[in-house]
Amino acid sequence: DQQVKQNSPSLSVQEGRISILNCDYTNSMFDYFLWYKKYPAEGPTFLISISSIKDKNEDGRFTVFLNKSAKHLSLHIVPSQPGDSAVYFCAARPNNAGNMLTFGGGTRLMVKP
Amino acid sequence: KAGVTQTPRYLIKTRGQQVTLSCSPISGHRSVSWYQQTPGQGLQFLFEYFSETQRNKGNFPGRFSGRQFSNSRSEMNVSTLELGDSALYLCASSLLSQGGLSSPLHFGNGTRLTVT
């Protein structure tokens with residue numbers, strides 16, 4: 001069963017607008033969540049993370065929101081830039097599980113100039 | 001600071017052979033993890049090492065194994081290769097210590113393994 005799901009395989013946004021990427025999870029033991037960006041032929045690049053004790057974390061143009069009751073997190077990118085075009089993965093891990101991350105299937109973001 | 005380094009970048013092997021992949025973590029990182037990425041299954045956790053000890057293992061057959069050396073460098077080995085083992089193998093390191101605070105994984109660019 002997929003414990004972390006990204007239901008939108010792709011998303012297209014105009015440059016300068018907001019990109020919102022969504023992720024749902026089912027395992028209530030998850031308490032640390034991360035977002036990664038991936039370009040072809042490269043490894044995933046860490047973007048931002050959030051612990052379950054928070055509901056929001058910001059880093060520059062990137063903000064992650066966590067809704068524990070809905071088991072949902074989202075990544076907001078404002079403003080979107082063409083260089084943001086990549087595949088975005090959300091990942092989660094339970095407490096005391098080391099680095100055993102469970103990844104979603106990814107969302108391909110295309111930012112049009 | 002140098003990132004996570006994986007060698008080789010590309011590898012072609014024949015069914016039944018074995019392969020060893022190498023990973024050098026970011027300096028100071030003591031936790032090293034391995035992940036497999038395939039089009040069908042996505043990114044899946046293989047195993048994690050900390051201080052030369054395997055601390056977590058994913059749901060993969062025993063043909064997949066790994067180890068970590070005293071300098072935190074790690075290797076993974078796949079024996080009796082099957083066609084389905086063709087994938088991008090990613091190594092990642094972090095500052096996470098035993099019982100420590102959560103810290104993000106930083107990935108290398110991977111080794112692309114093709115089994116023919």
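Naming convention: chains lettered A, B, ... in sequence-line order (proteins, then strands); numbering from 1 in each chain. None of these values were measured; they are calculated from a predicted model.
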Leu88(B), part contacting chain A, at a heavy-atom distance under 4.5 Å
side chain
Answer with side chain, backbone, both or neither: which region of Arg9(B) has an atom nearer than 4.5 Å to a non-hydrogen atom of chain A?
side chain
Cluster overlap Leu83(B) with Leu113(B), hydrophobic side-chain contacts below 4.5 Å:
yes
Interface moiety of Leu43(B) toward chain A, non-hydrogen atoms closer than 4.5 Å:
both
Phe65(A) ring center near His76(A) ring center (under 6.0 Å):
yes
Can you tell me which portion of Tyr39(A) sits under 4.5 Å from chain B's heavy atoms? Options are side chain, backbone, both or neither.
neither
Using 4.0 Å as the upper bound for N to carboxylate O, is an ion pair formed by Lys56(A) and Glu58(A)?
yes
With a 4.5 Å cut-off on side-chain heavy atoms, are Lys68(A) and Tyr25(A) touching?
yes
Among Leu46(B), Asn56(B), Leu90(B), Leu105(B), which residue has the highest count of heavy-atom pairs closer than 4.5 Å to chain A?
Leu105(B)
Aromatic contact between Phe107(B) and Tyr36(A), with the criterion being ring centroids under 6.0 Å apart: yes or no?
yes
Proximity breakdown for Leu34(A) and chain B, heavy-atom pairs closer than 4.5 Å:
side chain
Given a strict heavy-atom distance threshold of 4.5 Å, which part of Gln41(B) is in contact with chain A: side chain, backbone, both, or neither?
neither
May I ask you to check whether Phe64(B) and Phe47(B) place their ring centers less than 6.0 Å from one another?
no
